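All values derive from a computational prediction rather than experimental measurement.
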Protein chains: 2
Amino acid sequence: MTDEKRHAEEAASQHRPRAKRRTRQRSIIQRVLLEANRPLSPHDILQAAQATAPGLGIATVYRAIHTMITEGLLVAVEIPGEAPRYETAGKEHHHHFQCRTCDDIFDIQGCPPAIQQLAPKGFRLEGHQVVLYGVCPPCTGMPA
Amino acid sequence: MTDEKRHAEEAASQHRPRAKRRTRQRSIIQRVLLEANRPLSPHDILQAAQATAPGLGIATVYRAIHTMITEGLLVAVEIPGEAPRYETAGKEHHHHFQCRTCDDIFDIQGCPPAIQQLAPKGFRLEGHQVVLYGVCPPCTGMPA
DNA sequence: CCTTTATTAAGAATAAATTCTCATTAGTCA
DNA sequence: TGACTAATGAGAATTTATTCTTAATAAAGG
C-alpha cells in the first residue's frame, strides 16, 4: 500500500484508534477474573491484580472493565445496595449468593421454577433476578 | 413534680431530646407513603409531598425517613443498581417488580417455593430477594 | 532498534445521593 | 399566651464510586 492510500484510509477512519494493545495489566486483570470464577468489584480486582502488578492503578482497572464489557468478555452483576461486581461473560443463566459476613458474591446454579407465575395480571414479565443471603462456607468456619 | 426533681431527671437523661413533635411535613410524608402503597424514592416522596407542602425540602424528607425507620414505620427496599426506595413497614413477606420503562417499583405477592434448594451445600441460607423486571400496566398502555 | 501512539499511574475532578449547618419557624406544655 | 427547643428550608459540605487529565511508559510494526 502506498503512503497516499494509507493516509486516505486513515482520514476516512475518523481518527479511530489503530488497534487495541495486549498489555501486561489487562492480561493480569483478565486472569484474575477468570480464576476467581465469581463476581468481583473493581476494588477486589485491584487487590488481587496488585499481587502480580504492584503499581497497578484503579483507573486502569475501570478502563479494562469497560474494554472487556465492550468486547463481550465481561458482564456486570448488580446486587441490591451494592456497587456493581463483574464476572466473565458466557455463563448460562444463574443467580447469586451474598455472604453477610464477608460480603462476597458467589454464583449459584438453578432457578426457581414457578417464577413466571409471580407477575400479577397486567404486568409483562421480561426478566428476573434472585439473590440469596446467608453465610458462605469459609465464613461458617468450614474449610474451603 | 417539683422543679428540682424535673431538673434532676433531665440531667440524668443526658440531653436526650424532650419529645418528637408531630409536624405538618412529617404527617404529609407519612400519608404519601401510605397512599402510594409501593416503594418510593426520597425524590418521589418529595415530589408527591410538595403537592400539599410546596416549600418542602429534600433534607426534611431524608430526616423523616430516618425517623420513621427508627420508629418502625418504614423499611428500605433495595433494588439492584438503584438508590433505595422506602415503603411502609409491616407488610408480609413479598418481593418486587421493576418497570423497565418508568423505573417504578411495585409489590408482588407470593414467593417461589423451591428457593431453599438453591443454596449449594456448605452455604447457610438466611434470606432471599426476588426482583422481577418487565413493563407495568400503565406503561403497556393499559388503563390503570 | 526505532518510531508511533495506545496505555498507564497518580492524582484531580465529577456525579449523585445523602448529610450537615444554621438561622428561622412552629409544635408543645405550663 | 409565652417560653422552650425540636424541626424546617436552603444551601454548603460530605461520601463513595467512577471518570478525566497529563506526563511518562511500553506495545506493535517496520
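Contacts of B:Thr67 classified as side-chain hydrogen bond (donor to acceptor under 3.5 Å, both in side chains), with partners at least two apart in sequence or in another chain: none. With sequence neighbours excluded, no residue forms a ring-ring contact (aromatic ring centres under 6.0 Å, His included) with A:Tyr86. The side-chain hydrogen bond (donor to acceptor under 3.5 Å, both in side chains) test applied to B:Arg100 returns A:Glu126, not counting sequence neighbours. Qualifying side-chain hydrogen bond (donor to acceptor under 3.5 Å, both in side chains) partners for B:Arg38, counting only residues two or more places apart in sequence or in other chains: B:Asp104. Here A:Thr88 pairs with nothing under the side-chain hydrogen bond (donor to acceptor under 3.5 Å, both in side chains) rule; sequence neighbours left out.
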Under a 4.0 Å heavy-atom criterion, the protein footprint on nucleotides 10-23 of chain C, written with B, S and -, is BB-----SSBBB--
Contact string for nucleotides 24-30 of chain D, one letter per nucleotide 5' to 3', B = base within protein heavy-atom range under 4.0 Å, S = sugar-phosphate only, - = neither, reads --BBS--
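D:dT8 atom P lies 14 Å from atom CD of B:Gln50, rounded to whole Å. Atom pair B:Leu46:CG and D:dA10:P shows a separation of 11 Å (rounding to whole Å applied). Look at CD on B:Glu71: it is 15 Å from P on D:dA6, rounded to the nearest Å. Between the C1' atom of D:dA17 and the CD1 atom of A:Ile79 lies a distance of 17 Å, rounded to the nearest Å.
Judged purely by distance below 3.5 Å, without hydrogens or angles, the side chains of B:Arg24 and B:Ser27 never pair a donor atom with an acceptor atom.
Axis angle across the helix from C:dC1-D:dG30 to C:dA30-D:dT1, with five pairs used at each end and values rounded to 10°: 40°.
For residues 65-82 of chain B, the pairs satisfying salt bridge (charged side-chain N to carboxylate O under 4.0 Å, His left out) are B:Glu82-B:Arg85, with sequence neighbours left out. Counting only residues at least two apart or on different chains, the salt bridge (charged side-chain N to carboxylate O under 4.0 Å, His left out) pairs with a member in residues 86-99 of chain A are A:Glu87-A:Lys91, A:Lys91-A:Asp107. The list of ring-ring contact (aromatic ring centres under 6.0 Å, His included) pairs with a residue in residues 34-67 of chain A, not counting sequence neighbours, is empty.
No side-chain heavy atom of A:Leu33 sits less than 4.5 Å from a side-chain heavy atom of A:Leu73.
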Name every donor-acceptor pair, under 3.5 Å, that has one atom in a side chain of residues 113-125 of chain B and the other anywhere in the protein, sequence neighbours excluded.
none

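In terms of phosphate contacts, A:Arg26 brings a side-chain nitrogen or oxygen within less than 4.0 Å of OP1 or OP2 of C:dT8.
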